[in-house]
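Since the structure comes first, as C-alpha cells, the remarks are kept for the end.
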Amino acid sequence: MNQLFRRKNYSATDTSTNLLRVLGVWDIVFFGIAAIIGAGSFSSLGEAVFRGGPGVILLYLICGFACGFTALCYAEFASRIPTAGSAYTYAYASFGELIAWIIGWALIMEYSFGNIYVAFSWSDYFTSFLHRIGMHIPDYLTCSYTEAKKAVMNGSENKELLNAWKSAPLIRNLKVIVDLPALVINGLITWLCYVGVKESKNFNNSLVILKLAVIVLVILVGFSYINTENWTPLNPETHVASFMPNGFAGVMSAVSGVFFAYIGFDALSVLSEETKDPQKTLPKGMIISLVLCTIIYIALTLVLTGMVDYRKFDGIGDPLSFIFEKSNANVAWMELVVSFVAIVAITTVLLVFQMGQPRIWYAMSRDGLMPEKFKTVHPKYKTPSFATIVTGIAVGVPILFTDKTFILDFTSIGTIFAFVLVCAGVLMLPAKEKIKGRFHLPYINGKIIFPVIFIGGLIAFYMWQPEFFQNLMDWKDPKEGEFRASIFVFIIVNLILCLFAFIKNFSLIPLIGLSSCLYLLTGMSHENWFWFGLWFALGLVIYFCYGYRNSKLGKEFQKD
C-alpha cells in the first residue's frame with residue numbers, strides 16, 4: 001500500500017533532457033494563445049451562448065478566475081520541477097504514484113479526446129469555407145457515422161446530417177459515413193509534431209499572429225452592429241427581461257463549452273524540457289497568455305450576444321461567421337474572412353494538443369508506468385516519435401465512431417479534475433528557498449481570509465438569489481435538481497476546506513484555485529460523471545496490470 005502513495009523526488013536544478021530547448025517566453029505565450037483561442041471561441045462558444053444567454057459572460061469570468069489561480073499553481077510546480085509531464089509529474093511529487101497515474105490518465109483523456117472535438121470543429125469550418133467559395137464535399141464525407149445516425153433517430157432538422165445518412169454509399173449493410181477532413185488534418189498535424197518542435201514553433205507563431213488580427217477585426221466590426229436590447233432578452237417562462245434569461249442554472253449548464261475554451265493553457269507545462277530556463281519562462285508565458293485570452297473571450301461574448309439574440313445560436317458550430325451572415329449583420333466579406341481564419345485558429349489548437357499528449361506518455365514511460373517504447377526519442381528530430389504516432393492513431397480512430405457533444409463534456413470534466421488535484425498538490429508542497437529570477441508563488445495565510453471569503457460570498461449569493469437557497473434541498477426538480485445537489489456537496493466540501501485552512505494555515509492562492517475548480521464541477525451532469533468513472537476504472541485496470549509491476553519507483557521501494 002505504501003508503494004501506491006510513494007512520492008518521486010525531482011531536482012529543481014536537473015534540467016538535463018534528450019529534447020531540444022528552443023522555446024522562449026513569447027513562444028510559450030503564442031503556444032498558449034494557440035491552444036486557448038481556437039475551438040472554444042470559433043465553435044463551442046455558440047453552444048455556450050445558447051445555453052446561458054448573455055449571462056454566460058459571468059461564466060467566462062468564473063472560469064478565467066479559476067484558471068488564473070490554477071495557472072499560478074501550475075507555475076509554482078513548473079518552477080520546482082522543470083521536466084515534461086505537466087500535472088502528472090506534479091502529482092507524482094506531491095501525492096504519490098497512484099494519484100499521479102490517475103492524473104496522467106486524465107491528461108491522456110484531455111489531450112486525445114480534446115483533439116477529437118477540435119478535429120471535428122476544424123472539419124466544420126473547412127467544409128463551410130469550401131461551400132462559401134463554391135466547392136462541395138459530399139455530406140457523408142464531412143461528418144461522423146454516429147452524428148448522422150443520431151440526427152435521423154432524434155428527428156433533427158440538420159439537412160447536412162440527414163442527407164449524409166440518406167446519400168451514403170453502402171458496403172454490404174454498412175453505410176460509409178466518415179469525417180474525411182478531420183482525419184486528414186489529424187494526419188498532417190501528427191506529421192508536423194513528429195518532425196520537430198522548432199518547426200512546430202515557427203508554424204504556430206505565424207498562424208497565431210493572423211488569428212489575433214482577425215479576432216480584433218471581428219470585435220471592432222461587431223461592436224458597430226450591437227443592439228443593447230439583446231443583452232437583456234425576455235425569459236421564455238416569465239417574459240421578464242433578464243441578463244440571465246435561463247437563470248443561473250442555465251448559465252452553469254454551459255460550463256463544458258466555456259471551460260473547454262480554457263483547457264489549452266495547462267498543455268504548456270508539458271513543454272518544460274523544450275523550454276529555455278523553464279523555471280522562469282513557463283510561469284510568465286502561462287500567466288500572460290491566460291490573461292490575454294480571458295479579455296478576448298469576454299469581448300467576443302459581448303459582441304455575439306449584442307449582435308444576435310442568444311436563442312439563434314442553437315446548433316451553431318461556427319458562431320463568429322454566423323453573426324455576419326445575411327440573416328444577421330449581412331457582412332459577406334467578414335463572413336468569408338472569419339471562416340478562413342477559423343480554420344487557421346483551430347489548426348493551432350490541434351498542434352498544441354498533439355504536442356502535449358506524446359510528452360505525457362513520454363514522462364509516464366520514463367517512470368516505468370507505460371511501456372519503454374513510449375520514451376523513444378527520434379535520433380534526428382529529437383521528438384518522442386513513437387508516442388507521437390500513437391497519439392495520431394488515438395485521435396484518428398475515434399473520429400470514425402463518436403460525436404462532438406459527448407467528446408466536449410467528457411474532455412472538460414477530466415481537465416477540471418486534473419486542475420483540482422494540481423491546486424491541492426500545491427497545498428502539500430514544503431516551503432522552498434527563494435532564488436532570484438525564478439517564479440515563487442506568494443504565500444498568503446488563508447487561515448482567516450479563506451473562510452471569510454467563502455462564507456461571505458455564500459451570504460452575498462444568498463442575498464442575490466434567495467429563492468435558489470430556499471429550494472436548495474429540492475433535488476427532484478427536473479430542471480435544477482441535479483445542480484442543487486452538486487451545490488450542496490460543493491458547500492460541504494468548502495466548509496471542510498475552511499476548517500483545514502484554519503488548522504493548517506494553508507496558502508490562500510491554491511485554496512481559491514481549488515475552490516473555484518470544485519465549483520466548475522457542479523455544472524457537470526450525472527452522465528458526465530458516469531463516463532468519467534468508467535474511464536478511470538479502465539485506467540486503474542491498466543495501472544495494476546502493468547504500471548504497478550513495472551514502476552521504477554516501485555522497484556526501488558522493493559530494494560529498500
Side-chain angles (χ1 to χ4, degrees), residues 34-35 38-39 42-44 111-149 160-161 163-165 167-169 171 174-196 199-200 202-204 206-208 210-211 264 317-318 321 336 338-358 381 383 385-404 406-408 411:
F42 286 92
S43 185
S44 64
Y111 297 141
S112 296
F113 284 76
N115 243 8
I116 295 168
Y117 180 87
V118 178
F120 280 136
S121 298
W122 188 93
S123 175
D124 286 344
Y125 269 100
F126 180 71
T127 53
S128 176
F129 176 74
L130 290 182
H131 180 73
R132 286 185 172 98
I133 61 174
M135 300 176 65
H136 183 69
I137 300 175
D139 291 330
Y140 58 83
L141 294 179
T142 62
C143 65
S144 71
Y145 179 90
T146 306
E147 218 174 359
K149 186 176 181 180
E160 288 79 12
L161 294 177
N163 187 55
W165 186 262
S167 61
I171 297 181
L174 179 65
K175 289 181 178 288
V176 178
I177 302 175
V178 60
D179 199 327
L180 187 61
L183 289 173
V184 170
I185 191 61
N186 173 60
L188 291 174
I189 291 296
T190 300
W191 170 79
L192 186 59
C193 293
Y194 183 87
V195 299
E199 290 74 10
S200 301
N202 296 335
F203 176 72
N204 175 76
S206 60
L207 295 187
V208 167
L210 176 62
K211 173 169 64 174
D318 52 349
S321 59
L336 191 64
V338 172
S339 294
F340 172 73
V341 175
I343 299 170
V344 172
I346 297 173
T347 301
T348 63
V349 181
L350 280 163
L351 177 62
V352 175
F353 278 21
Q354 211 84 330
M355 288 180 67
Q357 175 64 84
Y381 301 128
T383 57
S385 51
F386 178 77
T388 299
I389 293 171
V390 173
T391 296
I393 296 170
V395 173
V397 172
I399 286 174
L400 299 172
F401 57 83
T402 190
D403 64 279
K404 286 182 290 190
F406 170 76
I407 292 296
L408 180 65
T411 304

Indicate the atoms forming the closest heavy-atom contact of [X] with [Y], along with that distance.
| X | Y | result |
| --- | --- | --- |
| V341 | L210 | CG1-O, 4.2 Å |
| S321 | V338 | N-CG1, 3.6 Å |
| I399 | F120 | O-CZ, 3.6 Å |
| V176 | A168 | O-CB, 3.6 Å |
| W122 | P181 | CZ3-O, 3.6 Å |

Any sub-3.5 Å donor-acceptor pair from [X]'s side-chain atoms to [Y]'s backbone N or O?
| X | Y | answer |
| --- | --- | --- |
| T190 | I389 | no |
| T391 | Q354 | no |
| D139 | L161 | no |
| T127 | D124 | yes |
| S123 | A119 | no |

Hey, does [Y] have a side-chain heavy atom less than 4.5 Å from the side chain of [X]?
| X | Y | value |
| --- | --- | --- |
| S144 | F401 | no |
| I346 | F126 | no |
| T347 | I189 | yes |
| I137 | L180 | no |
| L141 | V178 | yes |
| I116 | N186 | no |

*When you look at D179 and Y145, which way does the side chain to side chain contact (heavy atoms under 4.5 Å, CB included) test go after all the steps?*
CA-CA 8 Å; D179 199 327; Y145 179 90; over 6 Å; no
*For K149, does the NZ atom have more than 12 heavy-atom neighbours from other residues, nucleotides or ligands under 6.0 Å away?*
no
_For I171, I'd like to know if atom CD1 has over 12 heavy atoms of other residues, nucleotides or ligands within 6.0 Å._
no
*asked:* So, taking the atom named OG in S339 and the one named OH in Y125, what distance separates them when rounded to the nearest 0.5 Å?
replied: 7.0 Å
*Looking at SG of C143 and CG of N163, how far apart are the two atoms once the value is rounded to the nearest 0.5 Å?*
9.5 Å
*asked:* Check the orientation of H131 and H136. Use parallel for under 30°, tilted for 30 to 60°, and perpendicular for over 60°.
replied: perpendicular
*Quick one: are the ring centres of W165 and Y140 less than 6.0 Å apart?*
no
